[in-house]
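Contents: one structure, followed by commentary.
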Amino acid sequence: MLRLAAAAASSPRPRLAPPPVLLRVRPTRHRPISPAPTTAPRLSRRRALLLLLSSLPLGCYRGGGPSLARSYASTTPAMAAPPVAKKVPHQLVEHGDVRVDNYYWLRDDSRSDPDVLAHLRAENDYTAAVMSDVKQLEDEIYAEIRGRIKEDDIDAPLRKGQYYYYERTLTGKEYVQHCRRLVPTDAPITVQDVMPTGPDAPDEHVILDENVKAEGHDYYSIGAFKVSPNNKLAAYAEDTKGDEIYTVYVIDLESREYVGQPLKGITSDIEWAGDNHLVYITMDSILRPDKVWLHNLGSDQSSDACLLHEKDETFSLGLQASESKKYLFVESGSKNTSFIFYLDTSKPNKELVVLTPRVYGIDTTASHRGNHFFIKRRSDEFYNSELVACPLDNVAETTVLLPHRESVKIQDFQLFDNHIAVYERENGLPKVTVYLLPAIGESIGQLHGGRTIDFIDPTYDVELEESQFHSSVLRFQYSSMRTPPSVYDYDMDSGVSVLKKIKPVLGGFDASKYVTERKWATATDGTQIPMSILYRKDLVKLDGSDPMLLYGYGSYEICIDPSFRGSRFSLVDRGFIYVIAHIRGGGEMGRKWYEDGKLLKKKNTFTDFIDCAEHLIKNKYCSKEKLCINGRSAGGLLMGAVLNMRPDLFRAAVAGVPFVDVVTTMLDPTIPLTTAEWEEWGDPRKEEYYYYMKSYSPVDNVAAQEYPNILVTAGLNDPRVMYSEPSKFVAKLRELKKDDNLLLFKCELGAGHFSKSGRFEKLQEDAFTYAFILKTLGMAQSLSSL
């Protein structure tokens, strides 16, 4: 049972746009990501959304001279004039403190106000005009990025029962096909399994073609695709606006006919409860997942039974099936507390039963094997979590399997018939340890003699993937900033790993040209901050003259692990150094790392990032004149904060869907996610939190000073960070800043938090961002001509 750490399409919805690590599903919705680097939920089939967190490295080619290059203009076209938002004073009073918001009018919850839409279009037009002189470069970068992709490909097939299931991509198509083939053998699953192909193999069956379903939609995303236990039906959750409100359809896998009527207005959390029932979650008026429902196939949605209604506005619901598929778990959680109900899918009377009680400060996730529930449990005392088990018939009787350790955080676990794989973090790096379990029915005690899987890069990302419970094969994906995503099947009995799929990278990519390093910066308070570094060894000088892109996130305990992103190399191959600062507020160094970067310690996130930047400059990785920064969502808050605090330190900044109007948003419980996030940022209705938030909230701290070049993005339908936040931030910057540097705002009018949905559309956005960065550095050169 896995939970994606940052799952873009699941009920936990941080203000993120962060990276791939699979974790047991958390119900708490964040404002994240993108980052994708892309770590919080859903099995890694939807990994693409998380990769949004992997920021973009800049590019400047260091070989040859400018005389050898075709150079693009880097000046702003003379005819372009920035939009000036009208000022309509709006007074906000709290704790006797008066704030005047001249741009409050930009918030329109209906997304239909003509004045607001006209302003957003004017911003888009201005951005297009300013960037028109590097449009050829943007197109060239896009061609480079797309040229690295093998467009017609399949992922590593996963054997489930009598079928192999996999996703296929087609040349020129934006979306995937969901496919399956019969398994032509009854032999048990081994690491040597290979899906047969060719004329004598069983026919491929295309279950669902997202390209067909996406026709006529500007945005299309499937947030869940779940096959029934008997392999006869599939349920999928579809979003055609980007607002993450889904419609669920059930199809017959043989006839491909729809079964019953669609389920509307739900989250992407859906699970089968047997072959004839679905369990799903709906949201309240502020998009908080608050109700769990049981649907009988063929019946009308209006007759569905509500299994649970979570009325506490700081808690949200999540849903997950055990690896054994015998139990479903409903988790109600806030940022500090979670408790669990279970549902026995084999019983005709399907009802929820309490597994772990609601105790403030106790956080639990669970799964099942044999006659035991397995529970990961965190508390103030055991802050890095312990792993326990309890009998099905006496859940109060727990046995410690893995005790709490100060230096090792238990992040997740995955169960099998005879094994358990435990996903942990130590010294900021992920690790996977496999233990042999006693036979089902025997007593169980503390785990010993585990085998830890070895990884080779100094910094890397590893994700547990969906595996088969009735096997001894653990599937995981490994990558680093220079190692393409590689899917392995690991034999938990022998310790042998077999590579099942490595993502092709075309265009002559050679991993040996690149160096990955791990360095540490000393924070103001003496804390050591880890950084992951990537560069091409034949292009950089490491004398302070190299350009750099520094990425940061630092919120929600999300781990921004250094995974692979092919588009990055259009910039690294131009001589840029790319760095991830693993700052406090994330989860890389354990629970305390997160707690030291939230609530009344949130400023540690910002000062850590600044300290990393100054360390890199001091150690001649870059200079102020060539240092660019990037962050999305809560990472966009980071960008806004450090731009206000140290605008002199950076040449350019990219703030994607940034959470920048912190005080106003967190004071308004009608805005989606606000109530659930008081435990993350603080409740500004309390005076202490109000003034602390106000001291760093980017919109509230824009000053009459010089700022670097800035690109800000938004999505009109974004349910996590309202488009009005970045809109107001840009308007206030335009009003007050004292420089002539670029300030561009790009709002996608038909998308949400994760922007455009097609795989190639997303590449166009990367190319646009790279072109902006190169333009601001005066390095808008054609790589192909160098």
Side-chain angles (χ1 to χ4, degrees), residues 5-6 14-19 21 30-40 53-55 409 425 427-430 459 461 517-533 548-563 578-619 621 627-646 649-650 653-656 658-659 662 680-681 696 698:
R15 296 180 203 272
L16 161 126
V21 171
H30 311 279
R31 304 180 200 270
I33 35 296
S34 115
T38 180
T39 306
L53 278 178
S54 309
S55 272
K409 174 186 174 182
R425 301 194 70 88
N427 198 31
L429 296 174
T459 64
D461 172 48
E517 297 177 347
R518 193 172 193 228
K519 299 295 182 181
W520 301 78
T522 301
T524 306
D525 62 2
T527 301
Q528 295 296 297
I529 312 297
M531 298 176 291
S532 298
I533 301 174
M548 174 180 287
L549 179 65
L550 176 62
Y551 174 83
Y553 187 72
S555 291
Y556 300 108
E557 203 176 357
I558 287 172
C559 302
I560 307 301
D561 286 320
S563 58
Y578 174 67
V579 182
I580 301 171
H582 303 287
I583 51 186
R584 282 176 284 186
E588 291 92 337
M589 299 289 287
R591 178 72 182 186
K592 292 294 187 182
W593 198 252
Y594 164 58
E595 292 176 347
D596 284 344
K598 64 180 292 195
L599 296 174
L600 297 175
K601 297 181 179 180
K602 187 62 204 171
K603 289 184 185 178
N604 284 337
T605 302
F606 316 138
T607 56
D608 283 357
F609 190 83
I610 291 169
D611 290 335
C612 285
E614 292 185 323
H615 174 93
L616 292 164
I617 293 168
K618 180 181 179 181
N619 287 274
Y621 280 92
L627 175 56
C628 302
I629 58 175
N630 190 3
R632 285 180 55 88
S633 198
L637 162 63
L638 169 68
M639 295 298 101
V642 301
L643 285 171
N644 286 330
M645 294 166 69
R646 288 295 307 276
L649 196 56
F650 316 108
V654 179
F659 172 44
V662 183
E680 177 76 22
W681 310 101
Y696 69 75

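Since we're looking at a predicted model, the values are computed, not measured. Heavy-atom basis, side chains included; hydrogens, waters and symmetry copies ignored.
- Of all heavy-atom pairs spanning S563 and D461, the tightest one is CB-OD2, 3.6 Å.
- Remark: the backbone N or O of I529 is not paired with any side-chain donor or acceptor of H582 at under 3.5 angstrom.
- Here the closest non-hydrogen pair linking P698 and A641 is CG-N, 3.7 Å.
- Contact of the C628 side chain with the V654 side chain is not registered, since no non-hydrogen atoms from C-beta on lie closer than 4.5 Å.
- Looking at residues two or more places apart in sequence or on another chain, you find a side chain to side chain contact (heavy atoms under 4.5 Å, CB included) between L599 and Y689.
- Between H615 and T522, the closest side-chain pair of non-hydrogen atoms is not below 4.5 Å.
- In this structure, the side chain of R425 does not engage the main chain of G590 through any donor-acceptor pair within 3.5 Å.
- Expressed to the nearest 0.5 Å, how far CZ of F606 lies from CG of L637 amounts to 4.5 Å.
- How far CG of L638 is from OG of S633: 11.5 Å, rounded to the nearest 0.5 Å.
- Applying the salt bridge (Lys or Arg N to Asp or Glu O under 4.0 Å) test to E595 and every residue at least two apart in sequence or in another chain returns R591, K592.
- Between I610 and L649 there is a side-chain heavy-atom pair separated by less than 4.5 Å.
- Side-chain contact between W593 and T527: present, with at least one pair of heavy atoms (C-beta onward) separated by less than 4.5 Å.
- In this structure, the side chain of W681 does not engage the main chain of L600 through any donor-acceptor pair within 3.5 Å.
- Applying the salt bridge (Lys or Arg N to Asp or Glu O under 4.0 Å) test to every pair with at least one member in residues 600-612, sequence neighbours left out, gives these pairs: R584-D608, D596-K601.
- Between M589 and N427 there is a side-chain heavy-atom pair separated by less than 4.5 Å.
- With sequence neighbours excluded, the residues satisfying side chain to side chain contact (heavy atoms under 4.5 Å, CB included) with T459 are M481, T516, R518, S532, P562.
- With sequence neighbours left out, the ring-ring contact (aromatic ring centres under 6.0 Å, His included) criterion links Y594 to no other residue.
- Remark: K519 NZ to I533 CD1 distance equals 6.5 Å, nearest 0.5 Å.
- Under the 30°/60° scheme for interplanar angles, the aromatic rings of F609 and F650 are found to be tilted.
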> Where do T607 and M645 land on the side-chain contact (heavy atoms from CB on, under 4.5 Å) test, with the steps shown first?
Replying inline: CA-CA 9 Å; T607 56; M645 294 166 69; 4.0 Å; yes
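- Counting only distance, with no hydrogens or angles, the side chain of E680 and the backbone of K598 share no donor-acceptor pair below 3.5 Å.
- In terms of heavy atoms, G597 sits closest to T605 at O-OG1, 3.4 Å.
- For A653, the side chain to side chain contact (heavy atoms under 4.5 Å, CB included) criterion is met by I629, L643, not counting sequence neighbours.
- Judged purely by atom type and a 3.5 angstrom limit, N619 has no side-chain atom pairing as donor or acceptor with the backbone of Y621.
- In terms of heavy atoms, I583 sits closest to G554 at CG1-CA, 3.8 Å.
- A 4.5 Å side-chain heavy-atom check between C612 and V579 finds every atom pair outside the cut-off.
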